[in-house]
2 protein chains.
Amino acid sequence: MKALETISWDEETSSILLIDQTKLPLSYRIIRCRNVDRLITAIRRLEVRGAPALGIAGAYGVALAAITTRERDFPRYFHLVESAALDIGKARPTAVNLSWGVFRVLAKIRLARSIEEVRIVAVKEARKVADEDAAACHVLGDYGATLLPGTGTVLTHCNAGALACREWGTALGVVRSAVESGKNISVIACETRPLLQGARLTAWELKRDAIPVTVIPDSAAAHLMRKGEIDCVLVGADRITRDAVFNKVGTYMHAICAKSHDIPFFVAAPVSTFDRVHSEEEIEIEERERDEVAQWSGHATVPDGVPVRNPAFDATPLSLVTALITEQGVIRPASGWVEIAGKHRVI
Amino acid sequence: MKALETISWDEETSSILLIDQTKLPLSYRIIRCRNVDRLITAIRRLEVRGAPALGIAGAYGVALAAITTRERDFPRYFHLVESAALDIGKARPTAVNLSWGVFRVLAKIRLARSIEEVRIVAVKEARKVADEDAAACHVLGDYGATLLPGTGTVLTHCNAGALACREWGTALGVVRSAVESGKNISVIACETRPLLQGARLTAWELKRDAIPVTVIPDSAAAHLMRKGEIDCVLVGADRITRDAVFNKVGTYMHAICAKSHDIPFFVAAPVSTFDRVHSEEEIEIEERERDEVAQWSGHATVPDGVPVRNPAFDATPLSLVTALITEQGVIRPASGWVEIAGKHRVI
């Protein structure tokens, strides 16, 4: 399977290249971000989305800020870069990876002593973030593949695939690794309202790799579980606190329904997704705009004046998670929380 | 509140009038069915939908067949009417009310001895079906209203409102009765993919009656339950066997999630919805066409060639139902199945 590069750094023009995820599957279009404002717009519009890809976007964003900031006085230059970086980090509140990517490059450039050095170090570190993400996806994919049946059907929600990372994917990375290892896996992709990342993106990238995929409305998942058609649920994550997994809204209901049918519920995410500081109740769930739910191609689907709630994420308590699949190994939360990012202890 | 008449018989032209439910909320349009073929088309296209409204459509459909069949030989005439009636009854497989409405009028006209008498009896009996449905909704609304809190938020799925009946509604009839009795009820309407009956129809008719309503993606229901924002779930039904409630796909996941949060799960339906013959596994779940999920205004939302599953209904075991609200009283399945339609025993 040829790797898809969702986000990359264009050396020649010092800009970020993104696959426009709002246009798929109708058209495949590359967006070039030449400045931080365009990147922030891309993040807010979800032209780039998915927790690991947002981490890379944050990292490349700091590089972009370093390159495009025109100030000559070093302290003032550094302050401007830092301020632009923090703006990028705040573009979306729930996914931890975005600010993680920003802070990782910020921490590195703090040691630089000249504008030129900041620019070189920022681009180098951001590239490293992207490379490490790709490597992590392949490793966690291999760990996760061992948890899937030899032949079976995996239900997934939203897109935790190559399009949510630099390549390969987290949840879909596990599927890809399982298929590469000879397993016979088919995928049920929940369409994922309101923005249909499952119908549009997961279906598109799995079809591209010739992995069997069927799309269903989100609300049909429990019905298929009851019919015995789902062997496990496998999703990504936008943030994992010590008590909950934050992921696309709908993940929580799949977890409850999986538990109710004794179906394993797996979460695949790199350790950059872990938030060891906060607990569930401290995390803000992004509420997005009304029209994502209430309109389609400019047509109202909700009567004028009727309010809409559009939370982008929900929280699934770790007690519902059979296993967390990371590049450092597999964690089974039912056996108690394990500090993996700090101490590299994996059970 | 002025009653909305979803389906009615136009005496002057001997035709059926329907509010076109595929066009709301963008436009309010009345469809006139002058023959059985147009009615079957309306049923298949969901221009008329909702279990009780389908019962009325079935009944009026037999009247329409009786009026429009041109044969003069009485036995042959009767055979043609019966055959048209059976075609109507088969237009959709899962809702029991459609064939119930057909059979109720068929049973009545069997006693007629002339073409003229068949026509008079069919129209009269179909009108009675419609009148009884309206009366049943008001009575079950009053029963159900006592189960709702003085102030609270009800989550509903799909449209079990006036637009699913002749008027008033089943689940939304309960809400209307509660509001009329002075209770302070607001409604969370799940948008209900793929055809958005919640976003389009439930929101439209509640807004019309000035009952507070907010629309959410189906997948956000469990999140709001976890946040403590839902006091009960209240839905309609398309068929109630002795072991399960068949209703719009998504009902089952709401029932599982309600149970998991100790939130009451109520089903409101007239006794014509009860099927005392079959059990869950014997009922065919209608699978509808791919494009309902895969297209929007002609634009593909699922890549070409990727299959879609589109079950219209799911089955919720009675063990997850806190109470069934009927016009004959309230049944609590947890205390054991009670034969209400036959023996009028209600607990």
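By convention in this document, chain letters (A, B, ...) are assigned in the order of the sequence lines, proteins followed by strands, and residues within each chain are numbered from 1. What's counted below: heavy atoms across the whole structure, side chains too, no hydrogens, waters or symmetry copies.
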- Task: Could you walk me through whether A/S186 and A/T214 pass side-chain contact (heavy atoms from CB on, under 4.5 Å), step by step?
- Result: CA-CA 8 Å; A/S186 59; A/T214 299; over 6 Å; no
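- Contact count against chain A (heavy-atom pairs under 4.5 Å) is highest for B/C257 among B/A221, B/C257, B/G198.
- B/N159 is linked by a side chain to side chain donor-acceptor pair (under 3.5 Å) to B/R49, B/T202, B/E205, counting only residues two or more places apart in sequence or in another chain.
- For A/P307, the parts lying under 4.5 angstrom from a heavy atom of chain B are both the backbone and the side chain.
- Residue contact with chain B, scored on non-hydrogen atoms closer than 4.5 Å, involves the side chain of A/S260 exclusively.
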- Message: What verdict does the side-chain contact (heavy atoms from CB on, under 4.5 Å) test give for B/I30 and B/I19, after you've listed the backbone C-alpha separation in whole Å, the side-chain angles of each residue and the deciding distance to 0.1 Å?
- Response: CA-CA 5 Å; B/I30 301 292; B/I19 298 175; 3.9 Å; yes
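- Salt bridge A/D209/A/R176: present, at least one basic N to carboxylate O contact under 4.0 Å.
- Listed options B/D218, B/D304, B/V306 were ranked by heavy-atom pairs under 4.5 angstrom with chain A; first place goes to B/V306.
- Contacts between A/L224 and chain B at a heavy-atom distance below 4.5 Å involve the side chain alone, from C-beta outward.
- With sequence neighbours excluded, the residues that form a ring-ring contact (aromatic ring centres under 6.0 Å, His included) with B/Y252 are A/H261.
- We find the CG-CG distance between B/D20 and B/L46 to be 10.5 Å, quoted to the nearest 0.5 Å.
- Within residues 283-296 of chain B, the residues having any heavy atom closer than 4.5 Å to a heavy atom of chain A are B/I285, B/V293, B/W296, listed by residue number.
- Residue with the most contacts toward chain A among B/P217, B/P212, B/A189, B/P194: B/P217 (heavy-atom pairs, distance under 4.5 Å).
- Listed by first then second residue, pairs satisfying side chain to side chain donor-acceptor pair (under 3.5 Å) with a partner in residues 190-200 of chain B read A/E191-B/R193, A/R193-B/E191, not counting sequence neighbours.
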- Apply the test side-chain contact (heavy atoms from CB on, under 4.5 Å) to residues B/I216 and B/L155: give CA-CA distance (whole Å), side-chain angles for both, the deciding distance (0.1 Å), then the verdict. CA-CA 10 Å; B/I216 62 168; B/L155 182 128; 4.1 Å; yes
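- In this structure, the portions of A/I256 lying under 4.5 Å from any heavy atom of chain B include both its backbone and its side chain.
- Your options are B/H223, B/K248, B/K259, B/R226, and the one with the most heavy-atom pairs under 4.5 Å with chain A is B/R226.
- In terms of non-hydrogen atom pairs under 4.5 Å with chain A, the most contact-rich of B/T301, B/L196, B/V249 is B/T301.
- Comparing B/P311, B/C190, B/S297 by heavy-atom pairs within less than 4.5 Å of chain A, the highest count is held by B/P311.
- We find the CZ-CD1 distance between A/F246 and A/I240 to be 11.0 Å, quoted to the nearest 0.5 Å.
- Ranking A/V308, A/L201, A/T251 against chain B, the residue ahead of the rest is A/V308, based on heavy-atom pairs under 4.5 Å.
- B/S279 and B/T241 share no side-chain donor-acceptor pair at under 3.5 Å.
- Listed options A/V215, A/D314, A/V302 were ranked by heavy-atom pairs under 4.5 angstrom with chain B; first place goes to A/V215.
- By the 30° and 60° cut-offs, the orientation of the rings of B/Y28 relative to B/W204 is parallel.
- Here A/L172 contributes atom CG and A/L163 contributes atom CG; the two are 9.0 Å apart, rounded to the nearest 0.5 Å.
- Note on A/A220, A/G305, A/G250, A/A199: by heavy-atom pairs under 4.5 Å with chain B, the leading option is A/A199.
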